[in-house]
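Structure, as structure tokens:
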Amino acid sequence: MDYGGGEYPVPCGKDKYISKNELLLHLKTYNIYYEGQNLQLRHREEEGELIVEGLLNISWGLRRPIRLQMQDDNQRIRPPPSSSSWHSGCNLGAHGSVLKPSTLPDIQVTDAEAVPNTDAPRSGAGSTKSQAEETPQLMRTRSDVGGRHRGSARTPSEQRRIRRHRFSINGHFYNHKTSVFTPAYGSITNVRINSTMTTPQVLKLLLNKFKIENSAEEFALYIVHTSGEKQKLRGSDYPLIARILQGPCEQVSKVFLMEKDQVEEVTYDVAQYIKFEMPILRSFIQKLEEEEDREVKKLMRKYSILRLMIEQRLEEISEGPTAM
């Protein structure tokens, strides 16, 4: 890749810019870190604008279940328009539009009794790409599927009902009537995006990829550091550029998808105290209070002296005409 070229500012948020050369230096470091992996990013210039594109890892940080879109029972049900895997990147056109793959694996209707381990990935057409990306898949929650014990006897009509409404997408099972998932906290998915896509656009792309019914307004993207710092990406931010600037190592920071109403931002100043034990934090507070008392006393002495000086001067001025 050629990391040279002319110098000009690249937007990275509202009223925030970084020089092209500086961004390219960060990008070079990023690609060296992921050398030989599909997380390397490509860049090009289009009409005088630098565009970076590639896969962005996003960790699931949801506390509540998400709802999958329902389809008509008479229609042939297909998985999301990504590739053959729940966690592979979406195919994007030059301007960020989603391209339909040439072939899509069908969702298989599977008898509940025939599946001993519902969390294990299914080998098949999507296994090669799944292994290449090395990202955990969505995990299902308990719904009315499996609500009975395995030892309970089922009538033939109940078995037919379960077979009719229980579906598998690459080994992950859910009930077609409820279509409810809670992705395993910290598990990773990825989407193929570019540096011109803002936070709301990335959120909508991710939800569309998994056919998630919830509104994008319910969620937000956060950069979460191992120190405990949580930084919310604003609507005007560009997540891919934010990831590049944070550096490639996900042991230092990750991009999380979380509910807006479940997470509060944590600044760096606060995060550095989070991991201390309570006795240590109390000692910090005590020292701060002592320092505050000293500063207050110092200010009181200073202004007391100033007040005396002003009063003396007023007395001198008032006595002046009488002396004349």
Side-chain angles (χ1 to χ4, degrees), residues 11-18 22-23 25-26 29-30 33 56-66 136 139 182-189 198-200 202-203 217-315:
C12 52
K14 186 178 181 181
D15 300 327
K16 294 187 293 185
Y17 295 88
I18 183 174
E22 186 178 353
L23 179 60
L25 286 175
H26 283 282
T29 302
Y30 192 97
Y33 183 88
L56 173 67
N57 274 351
I58 299 178
S59 299
W60 295 95
L62 304 181
R63 300 298 185 182
R64 294 190 294 259
I66 52 177
M139 313 301 286
T182 301
Y185 191 92
S187 60
I188 300 173
T189 186
T198 59
T199 304
V202 174
L203 282 171
E217 297 296 323
E218 299 177 28
F219 307 107
L221 293 179
Y222 292 82
I223 294 179
V224 180
H225 297 257
T226 51
S227 64
E229 180 184 358
K230 291 187 180 71
Q231 177 188 353
K232 181 181 177 182
L233 293 179
R234 310 299 173 190
S236 57
D237 290 337
Y238 302 95
L240 190 57
I241 291 185
R243 173 75 266 182
I244 295 170
L245 297 181
Q246 288 293 324
C249 183
E250 295 197 352
Q251 294 180 350
V252 176
S253 63
K254 294 183 179 181
V255 178
F256 266 84
L257 174 73
M258 297 178 168
E259 295 99 340
K260 283 183 179 178
D261 60 351
Q262 295 289 309
V263 183
E264 292 185 6
E265 288 189 86
V266 179
T267 63
Y268 172 78
D269 293 334
V270 174
Q272 61 183 330
Y273 294 105
I274 286 178
K275 295 184 179 180
F276 287 109
E277 300 292 335
M278 286 303 296
I280 298 177
L281 292 174
R282 290 194 185 97
S283 68
F284 286 156
I285 292 174
Q286 184 178 353
K287 288 181 180 179
L288 288 172
E289 288 176 344
E290 291 172 356
E291 184 176 348
E292 184 182 14
D293 289 340
R294 287 195 297 270
E295 290 297 321
V296 169
K297 290 177 181 177
K298 190 186 296 184
L299 285 172
M300 290 178 68
R301 285 196 299 270
K302 176 182 176 181
Y303 285 104
S304 295
I305 293 171
L306 287 174
R307 180 177 178 178
L308 287 174
M309 293 174 63
I310 291 171
E311 288 176 348
Q312 289 176 359
R313 181 59 182 159
L314 288 173
E315 289 179 3

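All residue numbers refer to positions in the sequence shown, counting from 1.
Partners of Asp261 according to the salt bridge (Lys or Arg N to Asp or Glu O under 4.0 Å) rule, which considers only residues two or more places apart in sequence or in another chain, are Arg64. Under the ring pair (Phe, Tyr, Trp, His ring centres under 6.0 Å) criterion, Tyr33 pairs with no residue, sequence neighbours left out. Looking at residues two or more places apart in sequence or on another chain, you find no side-chain hydrogen bond (donor to acceptor under 3.5 Å, both in side chains) involving Glu315. In terms of the side-chain hydrogen bond (donor to acceptor under 3.5 Å, both in side chains) criterion, residue partners of Arg234 (sequence neighbours excluded) are, by chain and number, Glu265. When the salt bridge (Lys or Arg N to Asp or Glu O under 4.0 Å) test is applied to Lys260, the partners found at least two apart in sequence or on another chain are Glu217.
Between Cys249 atom SG and Lys254 atom NZ the span is 9.5 Å, to the nearest 0.5 Å. Note: Gln262 CD to Glu218 CD = 11.0 Å, rounded to the nearest 0.5 Å. Atom CD1 of residue Ile244 and atom CG of residue Leu25 lie 12.0 Å apart, to the nearest 0.5 angstrom. Rounded to the nearest 0.5 Å, atoms CZ (Arg243) and CD1 (Ile58) are 11.0 Å apart. With values rounded to the nearest 0.5 angstrom, Leu288 atom CG is found 9.5 Å from Ser283 atom OG.
No more than 12 heavy atoms of other residues, nucleotides or ligands sit less than 6.0 Å from atom CD of Glu264.
Taking the charged nitrogens against the carboxylate oxygens, Lys287 and Glu290 have no contact shorter than 4.0 Å, which rules out a salt bridge.
You'll find the side chain of Pro239 reaches within 4.5 Å of the side chain of Leu56, heavy atoms only. Looking at heavy atoms from C-beta onward, Arg301 lies in side-chain contact with Lys297 at the 4.5 angstrom threshold. Looking only at side-chain heavy atoms (C-beta outward), Leu257 and Leu221 come within less than 4.5 Å of each other.
In this structure, Ser253 and Ile223 approach most closely via the heavy-atom pair CB-CG2, 4.1 Å.
Within the structure, every pair that satisfies the side chain to side chain donor-acceptor pair (under 3.5 Å) test and touches residues 222-232, not counting sequence neighbours, is listed here: His225-Gln246.
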- Task: For Tyr185 and Leu62, run side chain to side chain contact (heavy atoms under 4.5 Å, CB included): C-alpha distance rounded to whole Å, both residues' side-chain angles, the deciding distance at 0.1 Å, then the answer.
- Result: CA-CA 7 Å; Tyr185 191 92; Leu62 304 181; over 6 Å; no
